[in-house]
Amino acid sequence: MTSYPDLDTLRVRLRAYLDEELIPFEQENGFGYEDRFSKEVVRKVWKRSRELGFYGLQVPCELGGQGMGVQDLCVLKDDVAASGAILFPHVLGDWGGPARIGNLVKYASPEQIERFILPVVRGELGTCFAMTEPQSGSDAASIRTRAVRDGDDYIINGHKHYISASAFADYAITMCVTDPDKGSDGISAILIELDRPGVSLTYDYLPMTGQHVDADIVLRDVRVPRANLLGEEGQGFRTAMGRISVNRLLHCPTMTGLARQAYHLAVDYAGKRQQFGGPISRFQAIQHMLADMATSLYACTSMIMATAKMADAGQDIRKEASMCKLFVSEKCFEIADKAMQIHGNVGVTRNHPVEFIFRRLRLYRIVTGTSEIQRNTIAKAILS
């Protein structure tokens, strides 16, 4: 049973918010793609989105969400990414909001739900998922961050690297080794407030997008109560892996939304740009690029929705989610590349929407598992 209106109504309301409130707010404040946004600004978006019924849609109704399925969520994620809004990831809670919680809520204790989960759903707190380390990216089982019991506490030391949305987070869902002799079965998930003594965030790098979203989280003798353990000791790795498949899938409609924006910009520009006595859209070379872009968008959207339908049915989507992440990330980047080619010198101008989308989509062939890791996952499923 869902508690949100029909999807078409929700899409109209979302579009109105983006066009009539969020984008004008960005323009009035002169926001750019590479600005560093304060927590005050992003929380304003979180709370307004919550008021309008867009924030936390995927969270179960009993936890203050609206129980939205993966298929409908994919449609809305595409819509917000295609809108042209700079702060679009904050509208549905992708950066620091409910999207970071994922299926972890089922492991949370009643106290953790009150202290950590519900404030995120309400847009009052931000969170991030901290697994990657300087020496362990795709090889998550090789993490070194240690949590050692000390009475009713854990003492934690470690270094988490390139943690998405940490710039907006108040606590991190942190993968820690609690039993080094058990390999992946010795990894636990611990909720660590980022204002605890011994926690520091460092911003020593900037991704090619120029966006201030990621940071390293350094943990030095951080004391955390054992009550912050999410689920049971040794359950962290399985918890993380259970989150990853749907998370990989849910990155894909953001890619198609960005690619769709680039495609529409290219169609518009091709119709307006005059060369040799007419619009460049009359040239077959341009027409073929637009045809390829539209075809790729159709293919990407179709496979995303097919996989989302499987997820909503409770099926194992590990193989299909990796197929989506692989195909969509590479095809959407090709779409952005063609859009840049059609725009010519305008398209390679720093911070033009097409140029920014090109950079943003290139990043998606790396984050949440590289294309090579996706091929490994697919091949393993085929050959098992």
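Atom set for the values below is all heavy atoms of this structure, side chains included, hydrogens, waters and symmetry mates excluded.
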Return the minimal non-hydrogen interatomic distance between [X] and [Y], and the atom names on each side.
X    : Y    : value
A108 : I117 : CB-CG1, 4.3 Å
A130 : I163 : CA-CD1, 3.8 Å
Y162 : L206 : OH-C, 4.3 Å

Query - Name of the residue among Q261, H343, K338 meeting side-chain contact (heavy atoms from CB on, under 4.5 Å) with V354 - result: H343
Report summary line: Result for side-chain contact (heavy atoms from CB on, under 4.5 Å) between I190 and one of L230, I156, I173 points to I156
Above 12 or not: heavy atoms from other molecules or residues under 6.0 Å from [atom1] of [X]?
X    : atom1 : result
E40  : CD    : no
Y205 : OH    : yes
K380 : NZ    : no
R144 : CZ    : no

State, with a plain yes or no, whether a side-chain heavy atom of [X] is found less than 4.5 Å away from one of [Y].
X    : Y    : result
K44  : F25  : yes
L297 : Y263 : yes
K77  : I304 : no
L326 : R375 : yes
C300 : F327 : yes

In this structure, is the centre-to-centre distance between the rings of [Y] and [X] below 6.0 Å?
X    : Y    : value
H90  : F54  : no
F37  : F168 : no
Y364 : F333 : no

Note: [X]-[Y] ion pair, threshold 4.0 Å (strictly below):
X    : Y    : answer
R115 : E111 : yes
R238 : D185 : yes
E330 : K325 : no
D150 : R223 : yes
R11  : D6   : no

Does a side chain donor of either [X] or [Y] reach within less than 3.5 Å of an acceptor in the other side chain?
X    : Y    : value
R260 : T301 : yes
E193 : N228 : yes
E233 : Y154 : yes

Query raised in the report: Are R36 and Y203 in a cation-pi setup, meaning NZ or CZ lies under 6.0 angstrom from the ring centre and within 45 degrees of the ring axis?
Result: yes
Report task. Determine the sole option in T202, D216, T132 for which the side-chain hydrogen bond (donor to acceptor under 3.5 Å, both in side chains) test with H161 is passed. Result -> D216
